[in-house]
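Just below is one structure, and these are the notes that go with it.
Start at 1 with the first residue, then count along the sequence.
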Amino acid sequence: MKVNSLQNANINNNIRNNKNAAQMRHNIVRNFNNSTPSFTGGIDPASCMVDFWAAIARGGLAASFTVQDMFGTNFPRTFAALDRNKDLTGRNNYKAAVEVAIREFTTGPSMFVVPALVLAAASRFSGEANKVPTDNIASFSDVMKNTVSRLSENEFKNIDFKTIDASEAKNACQIIKKAFYKDTFENIFKQYNAAGNGKVNIDEYVDLMMQIENPDIPKRNFFQSMFKKKVLVLGKEVDSKDEILSRLCSKFAEDKKVNTADWGNFLKTKVTDKGKEFHIGDIATDMKNFTDDFVKNYVAAQRKGAANVSGKFIENFKDMRIGSRFITNVLMVVATGLFMSIIPKLYTRNKTNPETDAIYAQVNQQRKGAVNEDK
């Protein structure tokens, strides 16, 4: 037996007795909404702030830090400098504000811009694998040994790389990439006893990875990514590389959740059991950078007929890229420190400190007055 409150019973009776119950329910909802006061004039400030910071978060660590640094320190300190000693002079201190603005707006962004420039230069000079952390370089190299060994016994068994042309070499690079992506994701899901049992479709991950590195797939710029704007190609909206990467991350989180018993961060994993844990999005990006660098050098070495290229090449490649990445890290720290030491020369635009000029002027005036009184 179900017991309803008196109010619910009356409402139900009214609806049953009304010939147009649907219209009555519509009127109730409309009247309720109309009776709710709006204090925002149609704009919800809380919702706008949530959307704003969500957009900043999508811009990555550099965007989040820079925006928070600007609103938390840069603008407040600049406005404070503008008001410095106004009680003594009666006017804004524009000289102090300019110096503080140059100092604050140069220091924060440079901590990301300078290392990024060093990393980009090193990657252009030494290879894309320089963008990959040393832990992942080692893990990827271990996986690649098995990939190359299997390909040598199957797809590449009867291929003479010294006789292939550029088009065939490019095709060989794609074969290595697909095989490596498959081996890597199988290796990842083996940690959760999910590889090879039909629970996870590894081929879908391979397909998504090949889409991400497809040169015909467009990239979104910084602001398009922040504010979730679609990329237009010939007037049509298409998925960008970061949107495809986002789908890969979502798929991974679902598959990991299904195949793990414990709760945790479903977007983090290891490439190998002994490896370090990374975000799956970072691993996917590192995989692309690693394979771009590796396959180009590996196939080139094969075409030149280098001796024992399959045996020693991967180990040498791993050692060289780990070493260059370590040197790059040192250079990023040194370059950032050197730039920080130059910043005082950039913002020191006056011979004296404009924040204390008015105070010293007042002290000097008082001293002159005291001397005159003594006379």
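- For the pair N93 (side chain) and A96 (backbone), a donor-acceptor distance under 3.5 Å is present.
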(request) Evaluate ring pair (Phe, Tyr, Trp, His ring centres under 6.0 Å) for F180 paired with F185, printing each intermediate quantity in order. (result) CA-CA 9 Å; F180 172 74; F185 279 107; 9.4 Å; no
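- Under a 4.0 Å N-O distance rule, the pair K296/D292 does not qualify as a salt bridge.
- Pairs engaging residues 207-216 under the side-chain hydrogen bond (donor to acceptor under 3.5 Å, both in side chains) rule: K177-E213, Y181-E213, D207-Q211 [sequence neighbours left out].
- Ring to ring, F140 and F317 are not that close: their centroids are 6.0 angstrom or more apart.
- Although no hydrogens or angles enter the test, the distance criterion places no donor-acceptor pair under 3.5 Å between the side chain of K178 and the main chain of C173.
- Between D286 and K131, no side-chain nitrogen of the basic residue sits less than 4.0 Å from a carboxylate oxygen of the acidic one, so the salt-bridge criterion is not met.
- Under the rule for a ring-ring contact (aromatic ring centres under 6.0 Å, His included), the partners of F252 that lie at least two apart in sequence or sit in another chain are F189.
- Under the 4.0 Å criterion applied to side-chain N and carboxylate O atoms, K145 and E315 are assigned as salt-bridge partners.
- For I343, the side-chain contact (heavy atoms from CB on, under 4.5 Å) test picks out T106, T107, S110, F339, M340, Y347, with sequence neighbours left out.
- Taking the six-membered ring for Trp, Y192 and F266 have ring centres at least 6.0 Å apart.
- In summary, the aromatic rings of F161 and F156 are positioned with their centroids under 6.0 Å apart.
- Salt bridge D357/K95: absent, no basic N to carboxylate O contact under 4.0 Å.
- Using a cutoff of 4.0 Å between basic side-chain nitrogens and carboxylate oxygens, K274 and D142 are not scored as salt-bridged.
- Comment: E254 does not engage K257 in a salt bridge, judged by the lack of any side-chain N to carboxylate O separation of less than 4.0 angstrom.
- Salt-bridge annotation for E355 and R84: present, with a side-chain N of the basic residue lying under 4.0 Å from a carboxylate O of the acidic one.
- In this structure, the side chain of T272 engages the main chain of G275 through a donor-acceptor pair within 3.5 Å.
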